[in-house]
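As structure tokens, the structure follows; a few thoughts come after it.
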Amino acid sequence: MRIGFGYDSHRFDETRPLMLGGVEIPDSPGLKGHSDADVLIHAVIDALLGAAAIGDIGSHFPDTDPRWKGADSAELLAIVVAEVRAAGYRVGNIDATVICERPRLRPYVDAIRTRLASLLGVDIGAVSVKGKTNERMDDVGAGVGIEVHCAALLEKA
Ligand code: MG
């Protein structure tokens, strides 16, 4: 078994839709970024790559590469899952914490877990997504953006 940890953060961008875990969240500003800025998927990707010790999201999908401009992060995650499998592992489980003052995630958590489980090729019971605020502390607490922390376990296939 191998453990990995991923972190990501993005600032809000009022002009874009909000994508979280491959699900579009209505009635919320989106996030600034080169791709679709799905901060949750980016943290999951770094946790998986970290667990397999095969680099990070920046080395796999450089933000200087026009190929990834506006990229669907769900497609990036599918590529990473294939690379993890090629390295001889399968996903055991993931546990992510999404930190933001808004939007409230609870109504969307099960849709996000379902989507991530399908992308990861695991049961929904192997995907945990927890939302919390930063109690109005620091920039995330002031509503500047969203940050995500994620742990992932890989098992030898
Ligand atoms: Mg990112």
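All of these numbers come straight from a predicted model, not from anything done at the bench. Keep in mind that the numbers below use all heavy atoms, side chains included, and drop hydrogens, waters and symmetry copies. When a ligand or atom number is given, it counts from 1 through the structure's own listing order. Numbers here are sequence positions counted from 1.
The environment of Arg11 atom CZ is sparse: at most 12 non-hydrogen atoms of other residues, nucleotides or ligands sit within 6.0 angstrom. Within 6.0 Å of the NZ atom in Lys130, the count of heavy atoms belonging to other residues, nucleotides or ligands exceeds 12.
Listed by chain and number, the protein atoms of type N/O/S under 2.8 Å from the Mg ion (ligand 1) are Asp8 OD2, His10 NE2, His42 ND1; waters are omitted.
Cluster membership for Val122 and Val109, using ILVMFWY side-chain heavy atoms within less than 4.5 angstrom, is shared.
Defined by atom type and a distance below 3.5 Å, a donor-acceptor pair is present between the side-chain atoms of His42 and Asp8.
Without hydrogens or angle criteria, Ser59 side chain to Gly55 main chain gives no donor-acceptor distance under 3.5 Å.
Between Trp68 and Phe61, the ring planes are perpendicular. Angles over 60° get that label, and only those under 30° would be called parallel.
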